[in-house]
Amino acid sequence: MSENVVRLHKPTDPQTDDTAPTMLTFVPVAPPARPAPLWVRSGRAVKTAVTHERTMTVVRATARHSLYTLNGGRIVARRTWDGRTGSRYERMLRAAEAAGNYEVAEEWEERLQRFREARHRRRMDLLHSPVDAAKGAAVGTGMGIGVLVALGIVMAINTGQVGDVITPLSATIDFIALLIRIVQVVWGPALTIGPLLALLALWSVGRKQQAAPQWALPANVRSGEGEPITPSIVVKALRDLGIPALRNAIKEMGDAGAGMLGPIRIAGCGVEVDVTLPSGVSTNEVQNKRRKLAENLTRHEHEVFITIPEAARTVRLWIADSGALDEPIGPSPLVTDETLTADYAKGKAPWGQDLRGDAAALSLYQRHLLITGLSNQGKTAALRALALWLALDRSVEFWMGDLKGVGDWAMFDGLATKLIQGPTDDHVIQVTEMVEDAVEEMNRRLQAPPGTTFPPLIVIVDEAQVAFMCPVKDEDKRPYGGSSSTSRYFMAARKIHNQGRAVNVLLWQGTQDPTDQNLPKLVREGAHTRASLALGTESQARMALGDKAVDGGAAPNLLRPGLDKGTLVVASDGIEIPKGQSSITVRTHYISTDDAELIAARAKRLRDGVTTLHAIERGEERDPLADIASVLGDAARLRTQEVINRLAALNPDAYGKWSFIDLKRVLDGTGAEPYKSDGVMVVGRDRLARALANRDDEGSASASG
């Protein structure tokens, strides 16, 4: 039962009478909290002690130094084994064969053969060594005794004492006895101290090699900080690449290879140095050793970039600070600067940063664009960032087709004149017709009087591989997808690539996982700006960027999927590329969907208002089945093309652009599908009447239910 405390106080409400009585208030006091059980408190104390930073430091130190000794022994054992056997040569031979470097493989095979011959000679010598050793010991002992006796005779002649003849011999015997006594005294402590010294030596080897797990290493080592890049480290890394001509040339140089290096310059979050290779060493030999070079420089592979500048026999190395490329870059200026505007003709889109940390801006003026990469690497975000910047130029018109259809481009509703969103074949058909409409607009502009200026029209197709892979054919048997001369999307894209830039009609495409089937050669080579995120193979990198860029060092296939999201390798004359290089690596600013909507809202305020046409909604307010029945009239059957013509005359807005595919889509599954009669496709009136009756019956049943 809890106690009650009686407290006297005046009420806080205003008193109407100064003689108001004093009020008594009973305030219950909460009982004191019961202490936790002993086992709970003990557990908490143990948990606190175990997880304390000092405890973790002690555990890490204990594990680290123990593993230094253990792994040091393993390292010494391996070195001993390598020294006594040919395993080192065999290991190098297998590595050279795996790398396809057969010249080096032959060199290691020759070394292995020489080692085996020398070892065989040593073993054969061991068969004769016991006899030779015994003979040598006997001869040595006899000569030693003879020398001592001769010395004693000389001493006896000098002193006249015959006993001095054996004095040197007895002194030698006494000295040997003294050595034996010393060994007897030292032997016991040596047996105790010797193993400790051996363990100390093994610990020293393990510590030098940092032979312990990452979690047990000191903080400065565990953080992955690499060594600072110095000329000696760069030369040593090049020397150990496994290129015989390079290694031999460095050995013969009087300055130990320092003359190959240009100045090491700070470049953004890393350093940059030009290396002039000696005669007999090609630049692609160094490029093919990128991983080994990075490891020799105590870096990860993605932290070293090798490009080929204009100078002959020269490679340019860009070496990042350890871990710097895993740090995100800042937000886009489009997000931070609400006063930012765009200029299609003279401006550049703020896209991101290059590896040097400088701003990377891209000119979009009269340049077709292609961005590709593996799925979920930031392709749509990179493409959308360019469109968002360009939307701030009120003169630019957008026609957009998003064949993913998950709302990545929904913020352009009210900005784009046409916006198609969806992954189905119907959406591919509408996107294809949109691109064909752009071809017609291009032809109209091309036929305009000389000197006529035209506002830019940007046609964007995201997930364009869906269009190229579409199997649907129109009523004339022309495929919408594919890469033949009859493929509608392919031919429309080619026509815009051929002549569109002259009249500011540009095609931007985003596609993923490029192949010859989903990104035909003629289309990808028609883009002026080609950019690629992470890819799987070098052949895909060549498809995305072209042979020249890849031969010059571009390697999107070496980017890390998932870890290098938003990092692009760009080949374009619209972006500033270091002299002599054919591409540049850009880390793009990420603009989230919420930020993209805010930027799009700013762009809409700059315009008078844009009515966006959603092609997928065309004709939805009418009843196509009833309209088809009405245009059939009394005819028993009517050719499909005649039905389409009559529908267009009935309502041009709803049916003006209908094709056989649209007609077939409406009739499929109703029982009134087009069929062949006398070799032509027709629509039957009786079938259509039954379809309408069945639909009405189903509607009545559902309403009554």
Side-chain angles (χ1 to χ4, degrees), residues 82 86-115 226-264 270-320 537-538 541-542 547-555 557-558 580-583:
D82 286 346
S87 60
R88 174 186 302 169
Y89 303 96
E90 293 174 354
R91 189 165 60 250
M92 295 298 182
L93 176 61
R94 289 193 298 269
E97 288 178 343
N101 198 337
Y102 298 108
E103 180 182 352
V104 175
E106 291 176 1
E107 180 181 345
W108 281 110
E109 186 175 15
E110 183 181 350
R111 291 185 180 184
L112 176 60
Q113 187 62 31
R114 290 200 301 268
F115 170 81
E227 298 180 19
I229 301 303
T230 62
S232 60
I233 288 178
V234 175
V235 172
K236 184 176 181 296
L238 293 168
R239 184 196 66 194
D240 296 339
L241 280 182
I243 303 174
L246 180 57
R247 182 181 61 251
N248 295 334
I250 292 175
K251 288 181 179 179
E252 294 172 0
M253 292 180 184
D255 56 1
M260 297 190 307
L261 307 183
I264 297 179
V271 297
E272 187 177 72
V273 58
D274 286 349
V275 181
T276 302
L277 301 175
S279 177
V281 182
S282 63
T283 55
N284 65 332
E285 288 182 282
V286 177
Q287 280 185 304
N288 294 336
K289 299 278 188 176
R290 175 180 170 183
R291 172 174 292 182
K292 191 169 186 178
L293 177 61
E295 292 173 351
N296 290 348
L297 293 166
T298 65
R299 296 294 190 273
H300 296 291
E301 183 179 11
H302 72 278
E303 294 175 331
V304 174
F305 287 79
I306 306 173
T307 53
I308 311 298
E310 289 182 346
R313 283 202 340 265
T314 300
V315 293
R316 178 169 294 159
L317 307 180
W318 185 85
I319 307 159
T537 64
E538 182 180 326
R542 293 184 181 276
D547 292 335
K548 180 180 179 182
V550 174
D551 291 339
N557 52 300
L558 296 181
Q581 295 180 200
S582 55
S583 65

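We're numbering straight along the sequence, starting at 1.
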For Thr314 and Thr283, run side-chain contact (heavy atoms from CB on, under 4.5 Å): C-alpha distance rounded to whole Å, both residues' side-chain angles, the deciding distance at 0.1 Å, then the answer. CA-CA 7 Å; Thr314 300; Thr283 55; 6.0 Å; no
Decide yes or no on salt bridge (Lys or Arg N to Asp or Glu O under 4.0 Å) for Lys289 and Glu285, but give the supporting numbers first. CA-CA 7 Å; Lys289 299 278 188 176; Glu285 288 182 282; over 6 Å; no
Can you confirm whether Val234 sits close enough to Met260 that some side-chain heavy atom of one is under 4.5 Å from a side-chain heavy atom of the other? no
From Leu558 atom CG to Arg290 atom CZ, the distance as rounded to the nearest 0.5 Å: 4.5 Å
Are Arg111 and Glu107 close enough for a salt bridge, meaning some N to O gap below 4.0 Å? yes
Side-chain heavy-atom pair Ile308, Val315 within 4.5 angstrom cut-off: yes
To the nearest 0.5 Å, atom CD1 of Ile264 lies from atom OG1 of Thr230 at 6.5 Å
Answer yes when Asp240 and Lys292 have at least one side-chain N-carboxylate O distance shorter than 4.0 Å, and no when they do not. no
Quick one: list whatever passes side chain to side chain donor-acceptor pair (under 3.5 Å) with Lys548, sequence neighbours left out. none
Working note: Ile306 + Leu317, criterion side-chain contact (heavy atoms from CB on, under 4.5 Å); need CA distance, chi angles, decisive distance, verdict. CA-CA 5 Å; Ile306 306 173; Leu317 307 180; 3.9 Å; yes
About how many Å separate CD of Glu109 and CD of Gln113, when rounded to the nearest 0.5 Å? 8.0 Å
Please report the interatomic distance CG(Asn557) to CZ(Arg542), rounded to the nearest 0.5 Å. 9.5 Å
Just verifying a value: how many Å separate Leu277 CG and Leu238 CG, rounded to the nearest 0.5 Å? 7.5 Å
Backbone N/O of Val281 and side chain of Arg313: donor-acceptor pair under 3.5 Å: no
